[in-house]
Amino acid sequence: MPFAKANLSAVSPNALAIRLISGWLLVVVCVFALAAGFLRNSLLMHEERARIMASNLAQVLERDISAALEKVDLLLLSVVDEFQRRSETGAAVDYREMESFLARSRHRQESIQLLSIADVDGKTAAGAMLADREYFRQLRDNPGFGLVMSKPLRGRVSGKWSVVLARRLIDARGEFAGVAYASLSIEYFEKRLGALSLGYQGTVSWRDADLASVVRLPRRPDVADYGSTRVSTAFRAAVEAAPNGGDYISGETAIDGVSRLHAYRFNPTYRFYVNLGISPEDYQAPWWGQVKATLALLALFVLVTGGGIALLYRNARRLAERERMLNSIFETSDAAIFMLDPEGRIKHANERLGAMIGCPVGDLIGHAYMDLVEAQQRPIVETQFRRLMAGEISFVRYERQYLRRDGSHFWGFVCSRLLRNESGSPSGLVGLITDIDEQKKAATELENYRFHLETLVRDRTAALEAARDAAEAANRSKSAFLANMSHEIRTPMNAIIGFTHMLQRELLTPVQADRLGKIAGSAEHLLSILNDVLDISKIESGKLVLEVESFRVVDLVEGLLALHAERAEAKGLSLKVSTSALPAQLRGDQTRLLQALHNYLGNAIKFTRTGAITLRAAVVEEDAESVLARFEVIDTGIGIAPEAIGRLFSAFEQADNSTTRQYGGTGLGLAITRRLAELMGGAAGVESVPGEGSRFWLTARFGKVLVDGAVVPDPDYRQAPESVLQALGEDCRLLLVEDDPVNQEVALALLRNVAGLNVDLAENGEVAVRMAGQRTYDLILMDLLMPVMDGLEATRRIRDLPGRAKVPILALTANAFSEDRERCLAAGMNDHIPKPVDPELLFGTLLRWLPSGARARQREQQE
């Protein structure tokens, strides 16, 4: 099949090569000019950077030496003041006694070799003579002189070089009495100055106001020994031009023959110069590295671009050969390639197009391209063809369906571009068709799969929501179960504890008293287990709410001692308390803190056979409004194995979970303690050594009591609460609302027989409402769960009765959750007494809520 060859080049290969080489040479010259400018700017930048660094280092060094001299000067002033103070007493100053004062002072500065004084004749306590020293004569002959700094001096005994700072001593009459002087080690300052990094040929020097050398590094005795005034001409010129500081470059005038960039500073207080010099070889070393790198890059650029020009020249010569190769590429392409004339007829095509359509490629030449397109898509293709030929768009890309000779369809991806002739007029189109039939089928299957996947996701989401609802329902069932369990266990325990309390008040044999005590202890233990289970459930469900109120630390400590002192004493343990580091009053949940420390102290007593138990408190952090307190309980007990510490604070875990364990417990106490500490903004942990003891700690954040108000104590009755209630007698009448016969018996026995109160009984809420409407009661004890009408509804109805809005109504119930207390208060009750009933708590609460008139009458009877 004939194929028209395009004229790809307007010039011959040789002419193209000449143009490329000329352009390349011009680019190379421009690049070299840019590189030279870059290197020049880089050199100036390095010089400026070196100048700034030298100036900064000179300033730092001048301040460092000035600070060292100032410290020594202050020390000399203290010596002068001490001498003057001693001379003002009227007695002659003992120079040897002054040496002891100087011995204590000379170690304050490590730069001081010697700190001493000399008398009016220049004699020191050590016997040395200073009368011939220049600084001594200056201070002796010039009363107005202050601090005098000497030239570098070699020690007459030590042979070491030093600089002496001296001040005049004045006696009580204001006359010259000697000098106080400090000998400063030049070696010390050489080490300080030698720590500077100034390069291989850098220098640093310290000179006095006369430019005499004090320190010069590196040290060159042949160039500038100690005290030498030899300086470069450039330095003298710079000092004359700018006495206080500046920079200069020493060339051939450098005293050691090395050219450097110098920066110097003058200290007007102590009148000295510091001078730093940096050699160009040092600060230009990075620049020379840039020069080498730039030259290497330029050489690489020349090689690469020259090689590129050579390749272009060779390519130009092979252009004809490549044109011959186009036909082969056209025919062997995997895609269908075709060319259209301006009328849309196929004028060239490869064999691949014939294979796609299913006919010989020769049959396609001269036919309209539109005949190959699926009929419904032809209008779109015709529109795009007209726009391409009009030059409105330069190319098109689209997916189209094509017709095979057998009538079947296939999908193809088409790329078409406008062709122009030498004059720039449209000459047709060139296009490329890629068979994408398999990809389209795969995309369709993928879309179907995506739709199916979305359906699966929706179904799974619905299942997860159902599972979530089921979990929430299970959690609600768990809370309801715990509340019901609490009520059902506390109700019989109320009878056990109540009857045990009443039996203990009667005359008993020792054996009966012992057995009743064991019953009471077992009941309290069972109640503590129940409370632990309820607490851990409330913490895990997020329903535990901390109370915030002011409390005294001493009350907290007394409460802990009351709970544990008897047990500790029974085991022969010493119980120590140290909480004085805390503020006297704090704001927070005293009850939960007491519970946490109660767990710690209970465990300490349980696991300690001999020794002592210490409760210690301290402040970890403190700000204007709060403190972070740390409490520690330290025992001398059995200790804990390291492998058990990691799980000790987990729920239902103990250090010993074996079937042969010696100590009992539910394993909830420490878990509750840690979670209470976290709720109070802190943490909990333990440090223990087996066989030596343990240190259990917790931290908690408490608010400060900002207003120093007095804590109002409870009423100070002169008798026990039950005795006070017995004294009230006929003055008070109570209504007990209780449906359980056993609890009725227990409550009536406590109220009537023990407290001696007048009590009426109502077996349910409906009866209680009727009795409260018929008679005025001083106080009502109301159960919650009752048949016919519960306690909450009964309370609301009693509050609606005339004159009953303020009668105290106290909940007496086995429901122990905090939400139960909130429901009681919301219904109009005044307080909440949990079952099992603690008689002391019951009687104390009754006294708090009984009408004040009855208590006032009782107090009058007492008085």
Side-chain angles (χ1 to χ4, degrees), residues 480 483-503 722 725 728-730 732-817 820-821 823-839 841-843 845-846 849-851:
N484 186 58
M485 181 192 72
S486 171
H487 185 274
E488 294 303 321
I489 295 178
R490 288 175 182 272
T491 298
M493 286 187 63
N494 183 53
I496 295 172
I497 294 176
F499 283 128
T500 301
H501 178 78
M502 289 185 289
L503 286 174
E722 61 185 71
L725 291 174
L728 291 175
E730 299 295 330
C732 294
R733 178 165 292 276
L734 278 66
L735 175 60
L736 172 66
V737 187
E738 173 64 63
D739 66 306
D740 186 78
V742 177
N743 285 334
Q744 289 176 358
E745 183 178 355
V746 172
L748 290 174
L750 289 173
L751 295 172
R752 290 175 178 172
N753 301 339
V754 178
L757 299 172
N758 291 323
V759 184
D760 292 340
L761 176 65
E763 61 272 16
N764 58 56
E766 185 178 71
V767 177
V769 174
R770 184 173 61 252
M771 294 178 67
Q774 296 172 354
R775 184 167 188 172
T776 302
Y777 290 98
D778 294 302
L779 187 142
I780 299 175
L781 292 171
M782 180 73 70
D783 191 14
L784 291 187
L785 301 180
M786 294 180 293
V788 184
M789 182 184 294
D790 62 31
L792 298 177
E793 180 62 25
T795 299
R796 285 189 284 267
R797 296 193 181 187
I798 291 174
R799 292 299 185 204
D800 293 336
L801 295 175
R804 303 297 186 266
K806 295 185 178 180
V807 59
I809 302 178
L810 310 183
L812 188 65
T813 177
N815 290 2
F817 283 97
D820 297 320
R821 176 184 177 89
R823 288 167 54 207
C824 294
L825 299 178
M829 296 186 181
N830 300 90
D831 209 339
H832 180 279
I833 302 175
K835 293 179 183 178
V837 175
D838 182 354
L841 175 63
L842 173 64
F843 297 150
T845 307
L846 291 177
W849 287 105
L850 280 172

Next on the checklist: Do T795 and L792 make a side-chain contact, defined as non-hydrogen atoms from C-beta onward lying under 4.5 Å apart?
Outcome noted: no
Next on the checklist: Using side-chain heavy atoms (C-beta onward) and a distance below 4.5 Å, is L736 in contact with R752?
Outcome noted: no
Item to check | Set of residues satisfying side-chain hydrogen bond (donor to acceptor under 3.5 Å, both in side chains) with respect to D760, sequence neighbours excluded | outcome: R733, Y777
Checklist outcome for this item: Hits for side-chain hydrogen bond (donor to acceptor under 3.5 Å, both in side chains) against R799, two or more places apart or cross-chain, chain-then-number order -> N830
Checklist entry - Distance-only, no hydrogens or angles: does the E738 side chain make a donor-acceptor pair with backbone N or O of Q744 under 3.5 Å? => result no
Nearest-0.5 Å distance that lies between atom [atom1] in [X] and atom [atom2] in [Y]:
X	Y	atom1	atom2	result
L784	D739	CG	CG	10.5 Å
L801	R796	CG	CZ	14.0 Å
N743	L748	CG	CG	10.5 Å
M782	I833	CE	CD1	13.0 Å
L779	L734	CG	CG	5.0 Å
R823	H832	CZ	NE2	9.5 Å

Can you see which heavy atom on [X] is nearest to which on [Y], and at what distance?
X	Y	result
C732	L850	SG-CD2, 4.1 Å
A762	M771	CB-SD, 3.8 Å
M829	A811	SD-CB, 3.4 Å

Next on the checklist: Does E793 have more than 12 heavy atoms from other residues, nucleotides or ligands lying within 6.0 Å of its CD?
Outcome noted: yes
Next on the checklist: side-chain contact (heavy atoms from CB on, under 4.5 Å) for V769 and I798? Distances and angles first, verdict last.
Outcome noted: CA-CA 6 Å; V769 174; I798 291 174; 4.1 Å; yes
Checklist entry - Hey, mind stepping through L751 and L842 against side-chain contact (heavy atoms from CB on, under 4.5 Å) and telling me if it holds? => result CA-CA 9 Å; L751 295 172; L842 173 64; 4.2 Å; yes
Next on the checklist: The test is side-chain contact (heavy atoms from CB on, under 4.5 Å); show your working for I780 and R804 and say whether it passes.
Outcome noted: CA-CA 11 Å; I780 299 175; R804 303 297 186 266; over 6 Å; no
Next on the checklist: Run L757 and L846 through side-chain contact (heavy atoms from CB on, under 4.5 Å) and show every step you take.
Outcome noted: CA-CA 11 Å; L757 299 172; L846 291 177; 4.3 Å; yes
